[in-house]
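Okay, structure first, notes after.
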Number of protein chains: 2
Amino acid sequence: MFVVLVYDVNQKRVNKVLKKCRQYLNWVQNSVLQGEISEANLTKLKMELERIINKEEDSIILYNLRTTKYFFPEILGLQKGGEGNIL
Amino acid sequence: MFVVLVYDVNQKRVNKVLKKCRQYLNWVQNSVLQGEISEANLTKLKMELERIINKEEDSIILYNLRTTKYFFPEILGLQKGGEGNIL
């Protein structure tokens, strides 16, 4: 499946969260990562993130797409992530 | 259609971009908005944002979904946007 992950976490935990996300997904923009990920790895990523974040302060949204058939990303301005990071 | 918008813009233009986006979409998290939007309004929003941003510095990604049938958002931690902002 294809996942877009956006995080809004306390500065203290940004590096840890970003590092963890990068193990599974591609960075595309400040606080945004995306990529193909298996169901098993997605479960692993969620468990690992839940161990890092403070649930009273931090928020992470995972937009989980079963298919990218109806999915049309578009960029205004700069493409910050490397080539190929946007579909 | 349903759109998730993420912005990464220079601090100087954040307020203008956020204000413009809020006219069409719901705020869900720092730098992230989403919502149902008509094709005509999406075109309008893009044109208006292109007038605000600096294309050498800023980046806005629009994830445009023709259908939310295969779309499963999930939150870890806090839900920052109001109730009903996440599908």
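Quick note on labels: first sequence line is chain A, next is B, and so on, each numbered from 1.
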Go through the atoms of [X] and report whether side chain, backbone, both or neither lie under 4.5 Å from a heavy atom of chain B.
{"X": "A:N30", "answer": "both"}
{"X": "A:V32", "answer": "side chain"}
{"X": "A:L62", "answer": "both"}

Response to the item:
Residues of residues 11-21 of chain A with a heavy atom under 4.5 Å from any heavy atom of chain B, in residue-number order, are none
Practice prompt. Go through B:S59 and A:I75 one step at a time and tell me if the side chain to side chain contact (heavy atoms under 4.5 Å, CB included) criterion holds.
Written response: CA-CA 7 Å; B:S59 180; A:I75 305 174; 4.1 Å; yes
[atom1]/[X] to [atom2]/[Y] distance, rounded to the nearest 0.5 angstrom?
{"X": "B:L78", "Y": "A:I60", "atom1": "CG", "atom2": "CD1", "result": "11.5 Å"}
{"X": "B:E57", "Y": "A:K80", "atom1": "CD", "atom2": "NZ", "result": "8.0 Å"}
{"X": "B:L65", "Y": "A:Y63", "atom1": "CG", "atom2": "OH", "result": "10.0 Å"}

Worksheet item: Do you know which of B:V4, B:N54, B:N64 has the most heavy-atom pairs under 4.5 Å to chain A?
Response: B:N64
Fill in: Residues in residues 41-49 of chain B near chain A [non-hydrogen atoms, under 4.5 Å]
B:K46, B:L49
Worksheet entry | A:Q23, CD atom: more than 12 neighbouring heavy atoms under 6.0 Å | yes
Item to complete: Answer whether the closest heavy-atom distance between the side chains of B:I61 and A:Q29 falls below 4.5 Å.
Response: yes
